[in-house]
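Okay, structure first, notes after.
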There are 2 protein chains.
Amino acid sequence: MITIDYKSRVPIYDQITGGIIRLKTLGVLKGGDKLPSVRSLALKLGINPNTVQKAYAILEADGIIYSVSGKGSFISEDSAAADAILESAADEFKMAVENARRMGLDRARLEAVISEIYEGGITDDKNS
Amino acid sequence: MITIDYKSRVPIYDQITGGIIRLKTLGVLKGGDKLPSVRSLALKLGINPNTVQKAYAILEADGIIYSVSGKGSFISEDSAAADAILESAADEFKMAVENARRMGLDRARLEAVISEIYEGGITDDKNS
DNA sequence: TTAACTGTACTATAACGGTTAGTACAGTTG
DNA sequence: CAACTGTACTAACCGTTATAGTACAGTTAA
């Protein structure tokens, strides 16, 4: 399900939130699905429960999951969650752009990459 | 030449290395050009000389610049290293775009993010 | 009711990275 | 010699991340 790269500089709780968002985007997790409990996931990943709890708290604050004390944490159903996921994806992309710029890539280069990805061969854009 | 965003979570030395690579990519700095001294750049940016030194050390390790004790630091003539960094950064960015698309972000959203980043970043300050 | 689970809320601490501060030494230049 | 250059240290501070431990409240099933 979710794998953690302990060598990475990306915080573990970030990897968890990203992993769950990805799982929902891919359709593996759907609205109403129950997530592993804080303690069980921590045990499975070999990390501290507090770290999992932090990830779940962030996901809940973003509306991606909802938690019920005593019952567990579940994937959110409402469309607000989808918006939250979009927002989260946008944030991730923003970091990627910042990184690209820091590495010296100019804007034109980025635009070229985007065109390459978003134009699968048949293009419907009129200008350019 | 280089501006530092002190609010950013991106380390200052990373911003410096990226800035110099970018300046070389843009053609502002060319092979053999002399860089500001460790102490003068630190003074100009209002940071500690150690931080600049760290950035220069990284750039030298990557083959982007070369330093001569007593003389200064200079842009390397061999652009292979810089090109390699650009290439790897482009690959990384490409994966980020693919991911963003998979997450459901449309092209306009990506363009907006790019504009946001590339508008406030590079400044050609003549004062200070 | 009891027991075992669930989320949640704390405090304390360790570890790490980034940055600053200060000092020192060696090479270059005028 | 004086003033610059890069370089190499050590020490300290701070914020973030992660761990550790404890505690409390809600849920569920035996």
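To find a chain, count down the sequence lines: A is the first, B the second, and so on, and within it residues start at 1. Fair warning: this is a prediction, and the values are worked out from it, not measured in the lab.
- Summarising the geometry, the separation between CD1 on I4(B) and P on dG18(C) is reported as 14 Å, rounded to the nearest angstrom.
- Checked against salt bridge (charged side-chain N to carboxylate O under 4.0 Å, His left out), K94(B) has the following partners two or more places apart in sequence or in another chain: E116(A).
- Residues V97(B) and L110(A) fail the side-chain proximity criterion, which asks for heavy atoms closer than 4.5 Å.
- Under the salt bridge (charged side-chain N to carboxylate O under 4.0 Å, His left out) criterion, D5(B) pairs with no residue, sequence neighbours left out.
- The side chain to side chain donor-acceptor pair (under 3.5 Å) check on R109(A) picks up E87(B), with sequence neighbours excluded.
- A heavy atom lying under 4.0 Å from DNA chain C marks the following residues of residues 53-64 of chain A, by number: Q53(A), E60(A).
- Residues that satisfy the side chain to side chain donor-acceptor pair (under 3.5 Å) test with D62(B), not counting sequence neighbours, are absent from this structure.
- Evaluation of the ring-ring contact (aromatic ring centres under 6.0 Å, His included) rule for F93(A) yields F93(B) as partners, not counting sequence neighbours.
- OP1 or OP2 of dT8(C) sits under 4.0 Å from a side-chain N or O of S67(A).
- In this structure, R9(A) atom CZ and dC16(C) atom P are separated by 14 Å, rounded to whole Å.
- Remark: D78(B) engages S76(B), A80(B) in a side chain to side chain contact (heavy atoms under 4.5 Å, CB included) (not counting sequence neighbours).
- Note on the helix from dT1(C)-dA30(D) to dG30(C)-dC1(D): angle between the axes of the first and last five pairs equals 10°, rounded to 10 degrees.
- Under 4.0 angstrom from either OP1 or OP2 of dG18(C) there lies at least one side-chain N or O belonging to Y13(B).
- Atom CG in L43(B) sits roughly 13 Å away from atom P in dT20(C) (whole-Å rounding).
- Comparing dG6(D), dG7(C), dT17(D) by their closest approach to the side chain of S37(B) singles out dG6(D).
- Residues satisfying the salt bridge (charged side-chain N to carboxylate O under 4.0 Å, His left out) test with R22(A), not counting sequence neighbours, are E92(A).
- For S40(B), the side chain to side chain donor-acceptor pair (under 3.5 Å) partners are S37(B), not counting sequence neighbours.
- One can place CG of L45(B) at 10 Å from P of dT20(C), the figure rounded to the nearest angstrom.
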**Fill in**
5' to 3', nucleotides 19-30 of chain D under a 4.0 Å protein heavy-atom cut-off (B base, S sugar-phosphate only, - none) gives BBB-B--BSS--
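- Following rounding to the nearest Å, L35(B) (CG) and dG6(D) (P) show an atom-to-atom distance of 9 Å.
- In K71(A), the NZ atom is not crowded: 12 or fewer heavy atoms of neighbouring residues, nucleotides or ligands sit closer than 6.0 Å.
- Annotation: side chain to side chain donor-acceptor pair (under 3.5 Å) contacts of E111(A) (sequence neighbours excluded): R107(A).
- Between the CG atom of L41(B) and the P atom of dT5(D) there is a distance of 11 Å, given to the nearest Å.
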